Amino acid sequence: VLSFVFYLAVLFFLFQHRKTQEASHNYEILMKSAGEGIHGLDLDGNITFINPAGTSMIGWNREELLGKSHHSTLHHSYSDGSHYPREKSPIYATFSDGKSHHVDNEVFWRKDGTNFPVVYTCTPLLDGNDIKGAMVVFKDISERKQIENDLLNSKENARIIQSQLIEASELNKKIFDTTNIGIIAYT
């Protein structure tokens, strides 16, 4: 009877181990397949994991980032290079208020010192009511920002052309009126 119980315990352990391996494998597939950058933070704001899309955008490899402060490494400054206080970051608000924060007007910094505009959502990692960390999902929106800038420039150019056309039309009208006055007076 004791060996049968032992046998069942071993089978149960192997089954659970297999389920854990499958779950771990599925997690790896998910992280590698995501098109957005995804990284996790512990309660101190240190990076605990990051997916390949995230490392590709920021130019760091996974091993270099693990354990580093997210704010000091990726989010330390505004786009103009001025200091971005950690306490003003919506990412760190997640740790105190337990809410998700969505931002579309900030930048992350690459390893080479350049920045890029991002849209991100930071969500608390909860165990019941306890905050255990946070997950940040982010996307490089450089292309979108360039299109927006091009559109603004196009609108400005259209406004300038419209203004020039109005001026040309008014000038043409003055010339026409002056010419007509001369013709009427001559005849």
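Small disclaimer: the values here were computed from a predicted structure and weren't measured.
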Check: Is there a path of hydrophobic side-chain contacts, each under 4.5 Å between heavy atoms of I, L, V, M, F, W or Y residues, that connects I141 with F108?
Finding: no
Notebook entry, point to check: Once you round to the nearest 0.5 Å, how far does OG of S79 lie from CH2 of W109?
Noted result: 7.5 Å
Item checked: From H101 atom NE2 to T121 atom OG1, the distance as rounded to the nearest 0.5 Å -> 11.0 Å
Note to self: Between F138 and H75 (judged by ring centroids, cut-off 6.0 Å), do the two rings come close enough to count as a pair?
What the structure shows: no
Notebook entry, point to check: Is a side-chain N or O of N51 found less than 3.5 angstrom from the main chain of E36, in a donor-acceptor match?
Noted result: yes
Margin query: Please report the interatomic distance OG1(T73) to NZ(K111), rounded to the nearest 0.5 Å.
Written below: 11.0 Å
Next item on the list: Please check if V119 and Y78 belong to a single hydrophobic cluster, counting links between Ile, Leu, Val, Met, Phe, Trp and Tyr side chain heavy atoms closer than 4.5 Å.
Entry: no
Margin query: Return the CD1 to CD1 distance between I47 and I58, rounded to the nearest 0.5 Å.
Written below: 6.0 Å
Next item on the list: Check whether any side-chain N or O of N61 sits under 3.5 Å from a backbone N or O of E63 as a donor-acceptor pair, and report yes or no.
Entry: yes
Check: Taking the six-membered ring for Trp, are H39 and F49 ring centroids under 6.0 Å apart?
Finding: no
Next item on the list: State plainly whether one hydrophobic cluster holds both V107 and V118, where clusters connect Ile, Leu, Val, Met, Phe, Trp and Tyr through side-chain heavy atoms under 4.5 angstrom apart.
Entry: no
Note to self: Using 30° and 60° as the class boundaries, would you call the ring planes of F95 and Y92 parallel, tilted or perpendicular?
What the structure shows: tilted
Next item on the list: Kindly compute the distance separating OH (Y120) from CD1 (I91), expressed to the nearest 0.5 Å.
Entry: 4.0 Å
Note to self: Would you say that P90 contacts E106 through its side chain, given a criterion of any heavy-atom pair below 4.5 Å between the two side chains?
What the structure shows: yes
Check: Once you round to the nearest 0.5 Å, how far does CG of L125 lie from CD1 of I131?
Finding: 9.5 Å
Item checked: Test side-chain contact (heavy atoms from CB on, under 4.5 Å) applied to Y84 and H71, step by step -> CA-CA 9 Å; Y84 186 175; H71 192 77; 4.2 Å; yes
